[in-house]
Visitor: 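I'd like to ask some things about the structure below.
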Amino acid sequence: MKINKRWEIPWHIIFFIFILVLLYPIFYALGFSLKSLQDAYNSPLSIIPKNITFENFNQLFTSLPALKITWNTFVIASVVTIFKIITSFLAAYAFVYFIFKGKNVIYFFLISTIFLPFTITMIPNYLIISSLGLADSVWGVILPQLADAMGIFLLTQAMRSIPVSLIEVARLDNMEHWRIMKDIVLPLVRPAVTSTSIWFFIMAWNEYVWPVLILKTVDNYTLPLALQMYISSEGGTNFTVAMAVSVITMIIPLTLYLTFQKYIIGTFVSSGIK
Amino acid sequence: MMNEIRFEKVKKSYGKVEVVKSLDFSIRDGERLILLGPSGCGKSTTLRMIAGLESITEGRLYMGGREVNDVPSGQRDVAMVFQNYALYPHMTVKQNITYALRTQKMTKDEIEKRLKDALQMLGLEKLENRLPKDLSGGQRQRVALARAVVKQSPYFLLDEPLSNLDAQLRGTARKELVRIHEKFKQTMVYVTHDQIEAMTIGDRIALLNNGILQMLDTPENVYHRPANIFTATFIGSPAMNVHDVRFIDGQLQIDEQFFGIGNEWSLLLKNYRNKQVKFGVRPEHIHLSTEMSEGRICGVVNTIENLGAQYAVYVQIGSKEWIALSPHRGFSKGQRVYLEFDYNNYHFFDPETTNTVGYPSTLNLNSKIPLKVEV
């Protein structure tokens, strides 16, 4: 976008205000996680703590198996991401490079599931997971999330941008599909795969509703559930500890996002989703 | 027979649209066959059927005597150069050229030898570690050629490989292609819509229109002995003049003027007495003069186009416009001129079938095509 020189400074001021509004909750959580509860009540609008204290983190780690919970979240997010990206990649490859009857119809139905609200699949999924005996287990959280229509859509779009002749050259050279995927398609859609993976990871990391349905034992909890415990705990919200949980919850997705933001934005822009 | 490609009533349809309508011809072992035709004539589809990248709707395709209708592209042993070169953008020149060889588990020494030969042959020695994005159009085209050459396949397919190059590079690349073919003598099928490429590279030209083979012959015959009006007017620039004339008593009537065509041609046109016939003559076979004499007909200059080496003079005769080539400007708009048609280069076509009426057996092809690349 070309900005008229005269408007450059006012635009920068407006953007700066927007950025402040967006960043405020993050700094607010960080500041409050380092405040004592009393300090928090005395100055609820000030971000900067009077005396920095790690008491909230200490309380969190003593009252809850916080390391185990973080580990659970990490395992769930990682396994879900790995499976989702593999299934999305394979499905997208088939939709783009295979010719089979009903391809477009199947693709249409698959993509239309993106618009199905979670509440529709929630009960059938719960019944299946219970009957498999996986309720209250990490695998119960993971299993229904192993494939994703949105991922298939994003990677299909990315693969469609590869000239077909590249794949045809490989076919003429008698290349097997796994080799075409590994040597040609994957390197060319790597930015899309990276960004989709990060997006999957963040989604799985922040997932709340499904784990809350499945997980009962605190030992199996994920970070969003732990956060909820402090927000709606009996006897009032201990919100400085809740902020400490928030900070831990934020660190990994934020780091991933900041590292790979170039790919993430690129993928969504090239797919026509903004 | 060894590496011959044979089409037997081959058809290709996309739904109800028939793109290729019953092809029936053979491509000889080791020849350079050009598939020529306008956009959408089915030439690329034909090439892709040979490569196995398009299925065959009906008929049979044989390669080296073996029916290949159901043989996957990878097992047909063909090397192909695509219009957009299809270089892997994430691989260096060297990796692009050797990728197929590496996956075939060829020995390292053999790969290195073939790579070195190809790089040397195509003048790519110093570029082997560059990525395609760092190469010019001509260099990319040479890498694509090198990649096809190292495979040493018996069939060499090219889909408009020079269409993205500028005119000067195209000339060099044409010679390069012929040189490569002379060295390896594969069965080469070359798709183009450019008649100069067709005439200079091809041993034979297969001219297609609307999915139908119009003519398959040597460039000389395609140019001098076109089988039908489409061939006559597609090949040659400016295009051949083809107009309705009437054949009366050994003479042709053009508008209200007459000129004799001699016994040989009259004999050939005996079935068209007092009837209409299509008369064709190439612009370079019309001689313009400012003086009337026997056998000439009169017209008025409409426009003159400067083509560089010569001038295209558009002459109006009655309701029809004729194009003649003149080596000098010498004429002006509105001037009365006299046209004389070269006796040896008349063409007559049946008005209904549009096929040639034929040529007198006493006539020989009297001019070689000067564009032919000799190696």
Side-chain angles (χ1 to χ4, degrees), chain A residues 85 89 92-108 155-197 260 262-263 266-267 269-271, chain B residues 14 44 47-55 63 68 71-92 95-106 131-133 140 143-148 150-161 164:
Chain A
I85 204 70
F89 187 87
Y93 184 87
F95 279 122
V96 176
Y97 299 113
F98 287 0
I99 299 166
F100 54 91
K101 268 197 175 157
K103 182 165 97 167
N104 291 338
V105 178
I106 296 171
Y107 185 70
F108 173 79
L155 294 187
T156 304
Q157 293 304 102
M159 284 183 200
R160 280 186 180 146
S161 69
I162 300 175
V164 182
S165 54
L166 293 188
I167 310 302
E168 288 177 341
V169 169
R171 278 175 59 197
L172 283 170
D173 291 338
N174 210 11
M175 231 60 94
E176 288 138 343
H177 282 296
W178 68 267
R179 202 183 267 281
I180 296 177
M181 280 187 230
K182 177 176 81 73
D183 291 350
I184 298 159
V185 177
L186 183 59
L188 294 177
V189 296
R190 186 160 288 151
V193 168
T194 310
S195 58
T196 310
S197 304
F260 296 103
K262 185 178 77 181
Y263 293 133
T267 299
V269 169
S270 66
S271 306
Chain B
Y14 295 104
S44 284
L47 188 84
R48 291 169 61 82
M49 284 195 284
I50 299 173
L53 299 172
E54 295 285 350
S55 61
M63 290 170 80
V68 292
V71 176
S73 51
Q75 288 166 30
R76 295 191 187 193
D77 202 5
V78 298
M80 187 161 168
V81 178
F82 288 79
Q83 185 174 3
N84 63 1
Y85 314 135
L87 298 177
Y88 302 125
H90 57 294
M91 293 188 194
T92 62
Q95 288 166 336
N96 260 293
I97 296 173
T98 58
Y99 178 57
L101 308 182
R102 280 182 282 132
T103 56
Q104 284 163 13
K105 298 197 175 117
M106 195 174 276
L131 287 170
K133 69 177 168 62
R140 283 180 205 173
V143 176
L145 269 180
R147 182 171 64 180
V150 291
K151 277 183 79 180
Q152 299 188 357
S153 304
Y155 306 100
F156 193 24
L157 313 179
L158 301 105
D159 189 2
E160 308 213 25
N164 293 338

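Scope of the values below: all heavy atoms of this structure, side chains included, with no hydrogens, waters or symmetry mates. Letters A, B, ... are given to chains in the order of the sequence lines, protein chains preceding strands, and every chain is numbered from 1. Computed from a prediction, not measured in an experiment: that's the story for all the values here.
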Visitor: Checking A:I184 against chain B: side chain, backbone, both or neither under 4.5 Å from a heavy atom?
Guide: both

Visitor: Does any heavy atom of chain A fall under 4.5 Å from the side chain of B:Q104, the backbone, both, or neither of them?
Guide: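 When you check distances to chain A, only side chain atoms of B:Q104 fall under 4.5 Å.
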
Visitor: Just checking heavy atoms, which of residues 168-183 of chain A are less than 4.5 Å from chain B?
Guide: A:E168, A:V169, A:A170, A:R171, A:L172, A:D173, A:N174, A:M175, A:R179, A:D183

Visitor: Do you know which of B:G52, B:P72, B:P89 has the most heavy-atom pairs under 4.5 Å to chain A?
Guide: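 Result: the option with the highest number of such pairs is B:P89.
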
Visitor: Please classify the contact of B:F82 with chain A as side chain, backbone, both or neither, using a heavy-atom distance under 4.5 Å.
Guide: side chain

Visitor: What is the minimum heavy-atom distance between B:N84 and A:P163, and which atoms define it?
Guide: ND2-CB, 4.2 Å

Visitor: Throw together a table of side-chain donor-acceptor distances under 3.5 angstrom for residues 74-81 of chain B, partners on residues two or more places apart or in other chains.
Guide:
residue	atom	partner	partner atom	Å
B:R76	NE	B:V71	O	2.9
B:R76	NH1	B:M49	O	2.8
B:R76	NH1	B:I50	O	3.0
B:R76	NH2	B:V68	O	2.7
B:R76	NH2	B:V71	O	3.0
B:D77	OD1	B:S153	OG	3.3

Visitor: Considering only heavy atoms, which portion of B:L87 lies under 4.5 Å from any heavy atom of chain A: side chain, backbone, both, or neither?
Guide: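 Only the backbone of B:L87 comes within 4.5 Å of chain A.
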
Visitor: When you look at CZ of A:F98, are more than 12 heavy atoms from neighbouring residues, nucleotides or ligands closer to it than 6.0 Å?
Guide: yes

